[in-house]
J.: 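Take this structure first; my questions come after.
We count residues from 1, following the sequence as given. Heavy atoms only: backbone and side chains are in, while hydrogens, waters and symmetry mates are out. Everything numeric here is computed off the predicted structure, so don't read it as measured data.
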Amino acid sequence: MGNLAFYVFIIVLLVGILSSAIKILREYERGVVFTLGRFTRVAGPGFIIIIPVIQQMVRTDLRTMVEDVPTQDVISRDNVSVRVNAVIYYRIVEPQNAILNVENYMEATSQLAQTTLRSVLGKHELDEMLAERDKLNADIQEILDKQTDAWGIKVANVEIKHVDIDESMIRAIAKQAEAERFRRAKIINAEGEQQAAEKLVEAGKILAGDPRAMQLRYFSALHDIAGDRTSTIVFPLPIDLIEAMRKKE
């Protein structure tokens, strides 16, 4: 009976040692192995064996992670208070740096994204935040990527999701947009007048080249006006036309 208990104890001990020594890492996982507290290697994926007690392993995930940046209060360069939130996409490219160089890489990346978001947007005016999001996203992504490089993290993309402004500012922006449309309408109207004037000058030069062309133009104008019989038409008769008619007589 005593021998049986001893054998059972040995079997349980061996099973425990093997279970702690054998590790299976998925394709997207890597293991950072420490031997007596010192970094030894990055293992995986697949079947991994470590020495119990002497070696320890920390798992890392190489898939792209999504971090929702909480809403931040930002004051733009033109002193407008806005609330902005964003989302960042990043992944681990050097597992040993992500474990050795920073205590919690996920929390560190999140906090860095929040401060960078406030810092970058605070240097721009409200119009730039609303109209140039792609440029702002690229600027934030570049800064984050440089800062997280020492942590073995690659920031793939940053997207600003919402820019919320006060109701009074919405009304002011609407007035500004209306004024901008009115300005463009005036410019288009002025350009049309300029083009019409240029064409009239060209037409005048052509008509001045032959007096008969001017006479035909007068007759065409009288024909157009004659269609309206409800009013009296007073039309000036050029002296040149009268002289031309006298010559024919």
Side-chain angles (χ1 to χ4, degrees), residues 1-74 84-122 136-162:
M1 189 69 180
N3 292 335
L4 179 62
F6 176 76
Y7 290 139
V8 171
F9 174 76
I10 294 298
I11 293 173
V12 171
L13 180 62
L14 290 175
V15 170
I17 293 175
L18 290 176
S19 62
S20 61
I22 297 175
K23 304 294 183 182
I24 304 297
L25 298 180
R26 298 180 180 88
E27 183 64 31
Y28 55 83
E29 291 181 325
R30 297 295 184 272
V32 180
V33 180
F34 295 89
T35 302
L36 296 177
R38 291 182 176 273
F39 168 71
T40 305
R41 60 192 173 96
V42 175
F47 183 81
I48 306 298
I49 296 178
I50 63 173
I51 303 174
V53 181
I54 296 177
Q55 291 184 325
Q56 295 83 34
M57 187 186 72
V58 180
R59 292 175 182 262
T60 58
D61 194 326
L62 302 187
R63 292 177 294 182
T64 298
M65 301 180 186
V66 182
E67 181 71 29
D68 191 8
V69 181
T71 302
Q72 303 294 309
D73 293 323
V74 179
V84 183
N85 64 346
V87 60
I88 63 174
Y89 301 85
Y90 66 94
R91 61 187 179 88
I92 297 176
V93 292
E94 297 180 1
Q96 67 274 21
N97 290 342
I99 300 300
L100 297 176
N101 295 346
V102 61
E103 180 181 2
N104 187 332
Y105 64 87
M106 297 182 66
E107 180 66 19
T109 303
S110 176
Q111 294 297 325
L112 181 62
Q114 296 178 38
T115 57
T116 304
L117 182 66
R118 291 195 299 267
S119 176
V120 172
L121 295 184
L136 295 176
N137 291 337
D139 292 343
I140 297 172
Q141 186 267 336
E142 182 179 1
I143 294 174
L144 286 176
D145 197 31
K146 289 181 179 178
Q147 295 290 332
T148 59
D149 185 63
W151 304 340
I153 293 175
K154 171 66 178 177
V155 178
N157 195 16
V158 176
E159 292 291 339
I160 298 175
K161 294 197 297 184
H162 300 292

J.: Over all heavy atoms of both residues, which pair between Pro95 and Val42 is shortest? Give the atoms and the distance, please.
T.: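 Taking every non-hydrogen atom into account, CG-CG1, 4.2 Å.
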J.: Using atom types as modelled and distance alone, determine if a side-chain donor or acceptor of Ser119 lies under 3.5 Å from a backbone N or O of Thr115.
T.: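 Flag not set: sc Ser119 to bb Thr115 has no pair under 3.5 Å.
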J.: Please lay out, stage by stage, how Tyr90 and Met106 fare under the test side chain to side chain contact (heavy atoms under 4.5 Å, CB included).
T.: CA-CA 10 Å; Tyr90 66 94; Met106 297 182 66; 3.7 Å; yes
J.: Go through the structure and list residues passing salt bridge (charged side-chain N to carboxylate O under 4.0 Å, His left out) with Arg63, not counting sequence neighbours.
T.: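 Applying salt bridge (charged side-chain N to carboxylate O under 4.0 Å, His left out) to Arg63 gives Asp61.
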J.: For the residue pair Arg118 and Asp73, what are the closest heavy atoms and their distance?
T.: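 Arg118 and Asp73 have their closest heavy atoms at CD-O, 3.9 Å.
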J.: Give, for atom CD of Gln147 and atom CD1 of Ile153, the distance between the pair rounded to the nearest 0.5 Å.
T.: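 The CD1 atom of Ile153 is 12.0 Å from CD of Gln147, to the nearest 0.5 Å.
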J.: Dump the intermediate steps for side chain to side chain contact (heavy atoms under 4.5 Å, CB included) on Thr40 and Phe34, then the final yes or no.
T.: CA-CA 5 Å; Thr40 305; Phe34 295 89; 5.6 Å; no
J.: Which heavy atom of Tyr105 sits nearest to which heavy atom of Thr109, and what is that distance?
T.: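 So the minimum-distance heavy-atom pair works out to O-OG1, 2.7 Å.
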J.: Check for a donor-acceptor pair, side chain of Asn137 on one end and backbone N or O of Ile160 on the other, with a separation under 3.5 Å.
T.: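 Side chain of Asn137 to backbone of Ile160: a pair is present.
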J.: Scan Ile143, Val158, Val155 and name whichever one has a side chain to side chain contact (heavy atoms under 4.5 Å, CB included) with Thr116.
T.: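 Testing Thr116 for a side chain to side chain contact (heavy atoms under 4.5 Å, CB included) against Ile143, Val158, Val155 leaves exactly one candidate, Ile143.
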J.: Evaluate side chain to side chain contact (heavy atoms under 4.5 Å, CB included) for Gln56 paired with Ile50, printing each intermediate quantity in order.
T.: CA-CA 7 Å; Gln56 295 83 34; Ile50 63 173; 6.0 Å; no
J.: Give, for atom CZ of Arg30 and atom CG of Leu62, the distance between the pair rounded to the nearest 0.5 Å.
T.: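 The distance works out to 5.0 Å.
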J.: Once rounded to the nearest 0.5 Å, what's the spacing between atom CD1 of Ile92 and atom CH2 of Trp151?
T.: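 Between Ile92 CD1 and Trp151 CH2, I get 12.5 Å after rounding to 0.5 Å.
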J.: Around atom CZ of Arg26, are there more than 12 heavy atoms of other residues, nucleotides or ligands at under 6.0 Å?
T.: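 12 or below, so no.
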J.: In Å and rounded to the nearest 0.5 Å, what is the CG to OG1 distance from Asn97 to Thr60?
T.: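 Interatomic distance, Asn97 CG to Thr60 OG1, rounded to 0.5 Å: 11.0 Å.
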J.: For a quick test of reading the model, state the closest non-hydrogen atom pair linking Ala113 to Ile88 and the distance between them.
T.: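 Smallest heavy-atom distance, with atoms named: CB-CD1, 3.9 Å.
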J.: Check Arg41 against Ile48 and note the closest heavy-atom contact, atom names and distance.
T.: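 Nearest heavy atoms, Arg41 then Ile48: NH2-CG2, 4.2 Å.
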J.: Would a distance-only check, ignoring hydrogens and angles, find a side-chain to backbone donor-acceptor pair under 3.5 Å from Asn101 to Ala150?
T.: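 Yes: the side chain of Asn101 pairs with the backbone of Ala150.
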J.: Once you round to the nearest 0.5 Å, how far does CD of Glu67 lie from CG of Leu144?
T.: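 These two atoms lie 11.0 Å from each other.
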J.: Could you pull out the closest heavy-atom pair between Pro70 and Gln114, with the gap in Å?
T.: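 Of all heavy-atom pairs spanning Pro70 and Gln114, the closest is CD-NE2, 3.6 Å.
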J.: What residues, two or more places apart in sequence or in another chain, satisfy side-chain contact (heavy atoms from CB on, under 4.5 Å) together with Glu107?
T.: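 Listed in chain order: Asn104, Gln111.
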J.: From Thr35 OG1 over to Ile51 CD1, what is the distance, rounded to the nearest 0.5 angstrom?
T.: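 Thr35 atom OG1 to Ile51 atom CD1 measures 6.5 Å (nearest 0.5 Å).
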